[in-house]
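One structure is given here, and the rest of the page talks about it.
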Amino acid sequence: MSLFSTEATEITSLRKLRDAEAQCTRCPLYRDATQVVPGEGPISAALMLVGEQPGNDEDLAGKPFVGPAGRVLDRALADAGLDRSKVFVTNAVKHFKFELRGKRRLHKRPNAYEIERCRWWLDLERAIVKPELVVALGATAARSLLNRTVSIAAVRGKILEAGDGMRLAVTIHPSYLLRIIERADKEQEYRRFVGDLRMCKQALREAA
Ligand code: URA
């Protein structure tokens with residue numbers, strides 16, 4: 001199936017979406033990545049988490065958030081009382097962007113063009129899953145979902161209403177926690193992250 005012959009309206013299930021994503025050539029990132037990393041989770045998920053892009057481990061596994069950042073996310077979700085198997089987990093950009101340093105593939109931030117091109121897939125995921133609440137993990141996801149750059153500090157801790165009726169919360173990306181060296185700071189930021197996820201859980205309960 002060629003992506004160019006696939007109308008968005010034909011993509012009505014997560015399986016069709018995964019098949020179409022696997023053919024994606026909407027930006028050059030598909031060329032160097034091992035594979036596309038589609039979102040994962042139940043179609044009935046009330047909560048959708050959106051990260052930045054797959055990392056090295058995710059690129060190899062074909063699944064989102066299975067590497068070091070994923071382990072932090074799993075722990076934080078559990079501490080917030082959220083069951084990952086009931087959450088739809090995805091990324092703003094579906095292919096791994098990296099630069100080679102010797103044999104190592106080092107993460108490179110997706111640029112505005114790549115985020116913009118990949119929003120097509122994120123919009124389809126939202127249209128199919130219809131989550132009650134979307135959580136942007138970090139600035140790239142927030143930018144994709146709000147279509148503008150935002151400072152996380154300015155929007156954190158509240159539920160935003162986006163133009164198309166989407167309810168959105170913005171928090172840090174879990175990889176930020178991996179970069180904090182000082183133990184006390186790390187612990188404090190981790191607790192704040194769990195607090196943000198708890199607020200999302202509460203917002204879901206209030207919407208139910
Ligand atoms: N970081 C992300 O933003 N997404 C992943 O899937 C893994 C790490």
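Ligands are counted one by one from 1 in listed order, and the atoms in each one are counted from 1 as well. Start at 1 with the first residue, then count along the sequence. All of these numbers come straight from a predicted model, not from anything done at the bench.
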Contact atoms of ligand 1, heavy-atom distance to P64 under 4.0 Å: 6 (O)
Axial cation check for F65 ring with R84, 6.0 Å and 45° limits: no
Suppose we screen for side-chain contact (heavy atoms from CB on, under 4.5 Å). Which residues come up paired with L60, at least two apart in sequence or across chains? T34, N56, R105
Suppose I only count heavy atoms of G51 and a 4.0 Å limit; which atoms of ligand 1 are within that range? 3 (O)
the protein heavy atom lying closest to atom 5 (C) of ligand 1 turns out to be Q53 O, 3.4 Å
Only pairs under 3.5 Å count here: list side-chain donor-acceptor contacts from residues 37-52, not counting sequence neighbours, and write none if there are none.
from: E40; atom 1: OE2; to: K63; atom 2: NZ; distance (Å): 2.9
from: E52; atom 1: OE1; to: H107; atom 2: NE2; distance (Å): 2.4
from: E52; atom 1: OE2; to: T140; atom 2: OG1; distance (Å): 3.1

Looking at K94 and E21, what are the two nearest heavy atoms and their distance? CE-OE2, 3.4 Å
Heavy atom of the protein closest to atom 4 (N) of ligand 1 (residue, atom name, distance): N91 OD1, 2.7 Å
Hey, could you give me the CZ/CG distance between R191 and D79, rounded to the nearest 0.5 Å? 11.0 Å
Taking N or O atoms only and a 3.5 Å limit, does G55 qualify as a polar contact for ligand 1? no
Proximal atoms of ligand 1 relative to H173 (non-hydrogen, under 4.0 Å): 1 (N), 2 (C), 3 (O)
Please determine whether a side-chain nitrogen of the Lys or Arg among R192 and D196 lies less than 4.0 Å from a carboxylate oxygen of the Asp or Glu. no
Heavy-atom contacts with E52 under 4.0 Å: which atoms of ligand 1 show up? List them by number with element. 2 (C), 3 (O)
